[in-house]
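Everything on this sheet refers to the single structure shown next.
Below, chain A is the first sequence line, B the second, and so on; all start at residue 1.
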Amino acid sequence: MCVGVPAKVLRIDGFSALVDVMGSQMNVGIIFVPEVKIGDYVIVHAGQAMSIIDEQYAKESLEEWRKLVDARRDG
Amino acid sequence: MLDVMDSPTHSALSRTLLQEVRMLASQFQQTFGRVPSFMEVCGSHTMALARTGIKKALEGYVRLISGPGCPVCVTDQVTIDAMISLTNGSDRIICTFGDMMRVPGSYGTLMQAKTEGKDVRVVYSPVDAVRIAEQHPHQEVIFLGIGFETTIPILAAAVKEAEEKQIHNFSMWMSTKLVEPILRRLLHDGEVLLDGFLLPGHVSMVMGREHFEFLATEYGLPAVISGFEALHMLSAIRHLLMSALKQRAIVLNDYKSVVAEQGNKQAKYWMNHYFTLCDEAWRGIGVISQSGMDFKKEYDRFNAKIKFSVSTSEPRRTKCRCGEVIRGLIDPPQCALFGKACTPINPIGPCMVSSEGSCAAYYQYMREE
Ligand code: SF4
Ligand code: SF4
């Protein structure tokens with residue numbers, strides 16, 4: 001039920017934002033992520049943005065997994 | 001960024017992680033003489049583990065037990081019956097998340113009530129229900145507020161909107177659940193042997209990693225917060241195995257891109273602003289004290305339980321074993337009704353209705369034909 005989907009913030013206006021979710025646009029509440037900026041990715045659940053995705057961390061975990069693959073291949 | 005996450009190199013990464021997990025699981029078996037068991041607390045994980053094939057790929061290596069993490073599945077029968085009988089009053093519009101529509105009450109479902117002409121509407125967000133109340137000032141709009149910590153702040157956001165707009169014909173029938181008390185209960189009862197928890201990424205983004213520290217400090221178990229992609233889940237299971245092998249009880253955040261150490265402060269603030277802890281009844285388990293949240297006294301005007309009374313009789317008994325399924329005591333096929341009397345088209349229990357129910361996930365992805 002809390003299927004959070006990632007969405008890109010296109011426009012911010014007051015306590016809501018226009019976001020793009022896999023090609024379709026919708027309005028979501030942003031009272032839980034007041035610091036959100038245009039261009040950020042957020043996790044949306046039942047009409048509210050619940051978390052701003054930290055791209056740095058997303059990239060880091062991908063890096064970590066890649067290293068693991070490389071280590072396996074070489075080892 | 002999201003296209004990076006979708007790239008084809010992913011399947012290569014997943015394959016390697018899967019091998020790694022199997023290797024660690026075999027090591028565990030050699031060391032401890034049994035298959036490691038982890039519980040995935042959340043229904044989204046249950047579904048995702050089945051859909052991605054991870055659960056099947058790990059059969060014989062890792063036992064993944066579905067936990068009590070789908071709000072539809074854990075709502076007890078009396079509450080479901082009460083929610084359905086709410087539709088009986090006149091001039092009412094009942095709004096709900098879609099998952100509730102087909103849950104069998106003792107006498108009918110919300111869907112049947114709708115077919116009989118009752119005004120029952122599925123909304124995507126509780127805030128939509130507030131808008132409906134605004135558009136229908138002469139009718140009472142009642143939202144059926146079920147959910148865990150991920151959803152409770154969202155229910156708060158709806159109340160906030162109704163309060164600000166001074167809407168008096170909006171209320172909520174709350175039946176929310178908290179993850180910590182149910183995990184404590186399961187561990188306390190000790191019915192299932194567990195080597196660790198795969199923690200729900202969504203609940204954690206609200207509550208934060210630190211909220212789950214008690215699993216390590218008080219129960220000596222490792223736990224890993226995980227996202228919902230195949231890679232996320234395999235990575236989390238790998239961390240769980242490494243901790244379990246070393247007998248190291250730590251609570252790890254493996255979903256840092258979304259989950260912060262302290263969670264979402266704003267979300268926690270608003271849920272505690274309108275709601276307070278209450279006792280809640282869990283399907284097949286019974287009442288657990290302080291295991292949910294309901295309106296604070298000063299917000300009684302939004303509390304549908306105060307505004308409206310419903311009468312329910314003793315719930316009808318069925319042979320459904322959902323109560324044992326959500327406690328991780330049996331796998332769905334051990335229920336005699338599974339796949340026979342009970343299917344997604346004709347569900348007997350909520351675990352078969354909910355898109356995240358263990359029985360539904362099993363039926364769709366795990367059945368041996
Ligand atoms: S994501 Fe939320 S609704 Fe879905 S199973 Fe987990 S706790 Fe339940
Ligand atoms: S298979 Fe159906 S009847 Fe059996 S436990 Fe699951 S939902 Fe209940």
Side-chain angles (χ1 to χ4, degrees), chain A residues 1-10 14-17 19-37 39-75, chain B residues 1-2 4-5 9 12-17 19-20 42-44 47 70-72 97-99 123-128 146-148 150-151 153-155 157-158 160-161 200-203 205-206 227-228 231-232 234-235 238 254-260 263-267 270 354-356:
Chain A
M1 200 189 87
C2 349
V3 231
V5 288
K8 188 176 182 165
V9 176
L10 303 176
F15 293 117
S16 73
V19 300
D20 177 293
V21 188
M22 290 176 288
S24 54
Q25 301 190 348
M26 62 189 258
N27 272 296
V28 300
I30 52 169
I31 59 164
F32 304 132
V33 289
E35 69 279 31
V36 74
K37 301 185 301 299
D40 282 349
Y41 283 91
V42 289
I43 298 275
V44 173
H45 168 48
Q48 299 288 337
M50 300 301 289
S51 175
I52 302 170
I53 301 180
D54 188 318
E55 299 197 31
Q56 192 51 39
Y57 277 128
K59 283 191 192 123
E60 274 171 25
S61 30
L62 209 56
E63 259 326 290
E64 203 183 298
W65 297 325
R66 286 236 170 81
K67 275 196 207 125
L68 193 79
V69 176
D70 293 343
R72 289 268 140 245
R73 216 179 8 234
D74 304 338
Chain B
M1 177 204 66
L2 295 169
V4 187
M5 293 300 286
T9 52
L13 286 175
S14 296
R15 265 199 306 278
T16 314
L17 273 175
Q19 280 167 11
E20 181 91 6
C42 158
S44 300
M47 214 19 147
C70 165
V72 179
F97 289 126
D99 290 39
V123 293
Y124 166 64
S125 161
V127 173
D128 296 341
I146 64 160
F148 279 89
T150 325
T151 311
I154 292 167
L155 301 175
K160 182 171 182 279
E161 179 142 342
H202 294 142
V203 167
M205 74 187 170
V206 172
F228 300 88
L231 269 172
H232 292 147
L234 284 167
S235 169
R238 175 171 165 268
D254 200 24
Y255 198 29
K256 286 209 186 99
S257 54
V258 167
V259 174
N264 185 320
K265 286 189 199 140
Q266 296 289 333
W270 286 110
S354 162
S355 51
E356 297 177 343

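- Side-chain N or O atoms of B/S125 include one that pairs as donor or acceptor with a backbone N or O of A/A46 at under 3.5 Å.
- Within 6.0 Å of CZ on A/F15 lie no more than 12 heavy atoms contributed by other residues, nucleotides or ligands.
- Looking at B/R15, neither its backbone nor its side chain comes within 4.5 Å of chain A, counting heavy atoms on both sides.
- Proximity of a side-chain donor or acceptor of B/N264 to a complementary backbone N or O of A/M50 within less than 3.5 Å is detected.
- Sequence neighbours left out, the pairs with a member in residues 40-49 of chain A that pass salt bridge (Lys or Arg N to Asp or Glu O under 4.0 Å) are A/K37-A/D40.
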Residues 20-35 of chain A, side-chain donor-acceptor partners within the protein, below 3.5 Å, at least two apart:
unit_1: A/D20; atom_1: OD1; unit_2: A/G23; atom_2: N; d: 3.1
unit_1: A/S24; atom_1: OG; unit_2: A/V21; atom_2: O; d: 3.2

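- Neither the backbone nor the side chain of B/V123 comes within contact range of chain A, judged by heavy atoms closer than 4.5 Å.
- Contacts of B/V127 with chain A are made by side-chain atoms alone, with heavy-atom separations under 4.5 Å and no backbone atom involved.
- Among the candidates B/P126, B/G227, B/G98, B/P153, the residue making the largest number of heavy-atom pairs closer than 4.5 Å to chain A is B/P153.
- Atom OH of residue B/Y255 and atom CD1 of residue A/I43 lie 4.5 Å apart, to the nearest 0.5 angstrom.
- Neither the backbone nor the side chain of B/E161 comes within contact range of chain A, judged by heavy atoms closer than 4.5 Å.
- Contact of B/K265 with chain A is not made at all, since no heavy-atom distance falls under 4.5 Å.
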